[in-house]
Amino acid sequence: MDKIKLLTGKNPKEYEAVALEIINNADVDLFGELVSRDDFLFDFVKANVAKRLENACTKDNYKNLLKFLEIYSPYYEDFISSTLGFFADNEVVEIMLEKLNSGSDSAKTYAAGFFAYKQDLRATELLNKYALGEDISLLENCARALSKIGDRTAYNEALKMLSSNDDFDIIKSVNFLSAYQDKAALKSLFKVMKTSKMSENIAEEISYLTPLTELLQTEYREDAILAFCYIVNGIVELIPVSQIIDFRFYEFIEKLLKSSPSGAGAVALFLAKEKFNMITENEEYLFDEDKNTKNEVNDIKTLLNNANLYPLTSFLYEELYEDSDFIFFVLEIIRDEASLVSLLDGENQTVIIKVMELLKSQNILKDEYKQLALSKITDDNLKIIARAI
């Protein structure tokens, strides 16, 4: 009998019995088998299983979870850490301090998560030690715990790291600041989003710090729209389609459609319409997604296709200048020759290269346009690219 199949099934008598068996018997092997199937189960199924295991825990059997700390799963870690934190006595706190100090990477991650639910100042030094390390799961749990404890040592260090020349240091600090959940970091995060090579990933983390839809009525309105554009741009290639529900895109788009027209809003809506039509027209993008994700994608597509975006076309040109934060997005939408050619006489050499590529794709890259572009490009590497176009 496949007990994991029973645990993930719909029959309460069956899944409750297996959940109790795992917890009451501290069945590490069965829990390990469950975790080994993480990649093959829908996220909502794993969420259901986590709840079932949590419901099987009581003050009499919860310490059995300590035996699971060597088997890490991002889908069950919160249930384990929060349950241990809820029931914890002094003995468990001491064990988790020791796990945080000298346990395996898996145990340290669970322990850091534990101290987000059961605050203890003795954990502060160790949490700061691991807060900006290479293990992202451990980093994020340290951030949550330090935030609950009220310690800002690593938080301040993360803010400084945003100025690093190392993209991986930047993304670590972004992950930390997002998990720390202090909106005071928004200004710094939006600033680095606009200059980093990992803008899509940073925009994604910003949306987990604060839902973008909540920023539309604040000073960060245009920054939120820009973050939305980066996320839309990264969906499929960099960001899983399944995360669309998390981003509350439907609500965001609905608010944009009802708000006063602007160049930024127009770019975002046209960009989203193109992306969601693309996702639904290619079966492979939604093949492995659950019903909720498919419905959300189709609802967003319907919302955008039913909206009359034509009156917004003229607003796109508000962002058609080389210093616009939206320039590369608007270039994915606007195709008229005169507007594109006008950018060849600018100072942004990366924009010039992009425009040349667009003109070439339309078979309208005249020799005079190419010569104008080459006269403006001084970077040797970009000049090589320009000549090859």
Exercise for review: Report the relative orientation of the aromatic rings in F247 and Y208; use parallel for angles under 30°, tilted for 30 to 60°, perpendicular for over 60°.
Suggested key: tilted

Side chain proximity check, [X] to [Y], heavy atoms < 4.5 angstrom:
X	Y	value
L216	F228	no
I253	L256	no
K67	F31	no
C57	L65	yes
F326	I225	yes
I353	I377	yes
K370	L374	yes
M96	L66	yes

Main chain of [Y], side chain of [X]: is a donor-acceptor contact present, judged purely on distance under 3.5 Å?
X	Y	value
S199	M193	yes
K275	I235	yes
K46	D38	yes
D89	V92	yes
T124	L121	yes
Q119	A116	yes

Practice item. Report the C-alpha separation of Y110 and Y72 in whole Å, then their side-chain angles, then the decisive distance to 0.1 Å, and conclude whether the ring-ring contact (aromatic ring centres under 6.0 Å, His included) test is met. Key: CA-CA 8 Å; Y110 282 115; Y72 179 73; 5.5 Å; yes

Check your understanding: Do NZ/NE/NH1/NH2 and the carboxylate oxygens of E347 and K376 come within less than 4.0 Å?
Key -> yes

Check your understanding: Any ion pair linking K63 and E91 (charged N to carboxylate O, less than 4.0 Å)?
Key -> yes

Practice item. Could you walk me through whether D182 and R152 pass salt bridge (Lys or Arg N to Asp or Glu O under 4.0 Å), step by step? Key: CA-CA 10 Å; D182 186 339; R152 299 179 73 83; 2.9 Å; yes

**Study point:** Derivation of the salt bridge (Lys or Arg N to Asp or Glu O under 4.0 Å) call for K354 and E332
**Key:** CA-CA 10 Å; K354 177 65 176 178; E332 295 296 329; 2.8 Å; yes

Exercise for review: Give a yes or no on whether K148 atom NZ has more than 12 heavy-atom contacts from other residues, nucleotides or ligands under 6.0 Å away.
Suggested key: no

Review point. Got a sec: does the CD of E94 have more than 12 other heavy atoms crowding it under 6.0 Å?
Key: yes

Exercise for review: Would you please name every residue forming a side chain to side chain contact (heavy atoms under 4.5 Å, CB included) with L20, sequence neighbours left out?
Suggested key: N24, A56

Practice item. Given salt bridge (Lys or Arg N to Asp or Glu O under 4.0 Å), test E125 with K129 step by step and report yes or no. Key: CA-CA 6 Å; E125 184 177 349; K129 178 181 177 181; over 6 Å; no

Point to revise | Test salt bridge (Lys or Arg N to Asp or Glu O under 4.0 Å) applied to D169 and K172, step by step | key: CA-CA 5 Å; D169 278 345; K172 279 195 300 184; 3.6 Å; yes

